[in-house]
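Every number for a ligand or one of its atoms is a count from 1 in the order of the listing. Note that the structure is a prediction, hence the values are computed from the model and not measured.
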Amino acid sequence: MALASNLNLLPDFRLSPRIDQVGVEERAARFTTRSIKADSKLNGLLLVLNMIDLTTLEGKDTPGKVKQLCYKGMHPHDAIPGLPSVAAICVYPSMVKIAKKALEGSGVKVAAVATAFPSGQAPRDVKIRDTKFAVSEGADEIDMVISRGKFHEGEYNFVFDEIAAIKEACGNARLKVILETGELGTYDKVRRASDIAMHAGADFIKTSTGKIQPAATMPVTLVMLEAIRDFYYKTGKMIGMKPAGGISKSKLALHYLVMVKETLGNDWLNNEWFRFGASSLANDVLMQIAKEKTGLYQSANYFSVD
Ligand SMILES: O=C[C@H](O)COP(=O)(O)O
């Protein structure tokens, strides 16, 4: 395992680039002003659907609900032909086996939140066991949370080593590292946490758990996309991006796609490298796809997940 203390070549994370707050907010706002032609809009909506990690992370989740969500993920709407599936179903570790079986042969991945999600307040060995359990149950992807308390104390080597340990526990599963940006406080800290996560072995960086406000925003996501771009220029390694929490409207999701395209380029415009973590976005996307195809709006109930 790559321990921070053993890696003399690591950057000093205290020196991560500073972010101009006004500049990043203005740049993010500009992506919302681009006009999208009708045919590009339909393609964009289909792409958004295919990039969703369809999520349920409730204490009251049942096997029945997870199976229904899996069906929805594989067949977003029976009455609309030609729809792609979502990218993954995102659940707690206890639901991984149920989801894995329900999704068998579909190509839809199972993502599991682990490491004492959402707080991350547990000893490292518990987090490693949580991760190994989810992988042994069949998780294709692990969504871990960073230790925000340690990060705020300036214990960057601790945060780095923990991510590296979880990466090792993942085996072949891809690792998404959740920064919980709503608890980081500043864009500078979002940039620093992104840099630590990528150097420590993240396959994806992710904004939020969905349990803390604010969750994903366009400026925060832009800071992370720019960190990914800089990391790519420096190392040649692609890292994925997953904004999550509070993204429920198609129009906003399309703005995110414009931002990804203009910041990272077309190589990132697929579900291998970009995801939306969302519980209700799929319904709005389906409503808009139906509208684009038929010219008519259906009621929201027509598309409900449950
Ligand atoms: O990672 C996904 C989030 O937990 C979903 O958040 P949401 O319910 O606001 O869409």
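- Arg129 is linked by a side chain to side chain donor-acceptor pair (under 3.5 Å) to nothing, counting only residues two or more places apart in sequence or in another chain.
- A donor atom on one side chain and an acceptor atom on the other are not found under 3.5 Å apart for Glu58 and Tyr92.
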Could you give the N/O to N/O pairs under 3.5 Å linking ligand 1 and the protein, each with its distance?
from	atom 1	to	atom 2	distance (Å)
ligand 1	4 (O)	Thr209	O	2.9
ligand 1	8 (O)	Ser279	OG	2.5
ligand 1	9 (O)	Gly246	N	2.8
ligand 1	10 (O)	Ser279	N	2.9
ligand 1	10 (O)	Ser279	OG	3.3

Listed pairs under 3.5 Å, donor-acceptor, residues 109-122 side chains, sequence neighbours left out:
from	atom 1	to	atom 2	distance (Å)
Thr115	OG1	Val145	N	3.0
Ser119	OG	Gln121	N	3.0

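- Note that Arg124 lies in the cation-pi zone of Phe158, set by a 6.0 Å cut-off to the ring centre and a 45° limit from the axis.
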Please tabulate, for side-chain N and O atoms in residues 262-269, each donor-acceptor pair with protein atoms closer than 3.5 Å (sequence neighbours left out).
from	atom 1	to	atom 2	distance (Å)
Glu262	OE1	Arg34	NE	3.4
Glu262	OE1	Arg34	NH2	2.7
Glu262	OE2	Arg34	NE	2.9
Thr263	OG1	Met259	O	2.6
Asn266	OD1	Lys261	NZ	2.9
Trp268	NE1	Ile239	O	2.8

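- Checking side-chain atoms of Lys211 against main-chain N and O of Leu57 turns up a donor-acceptor pair under 3.5 Å.
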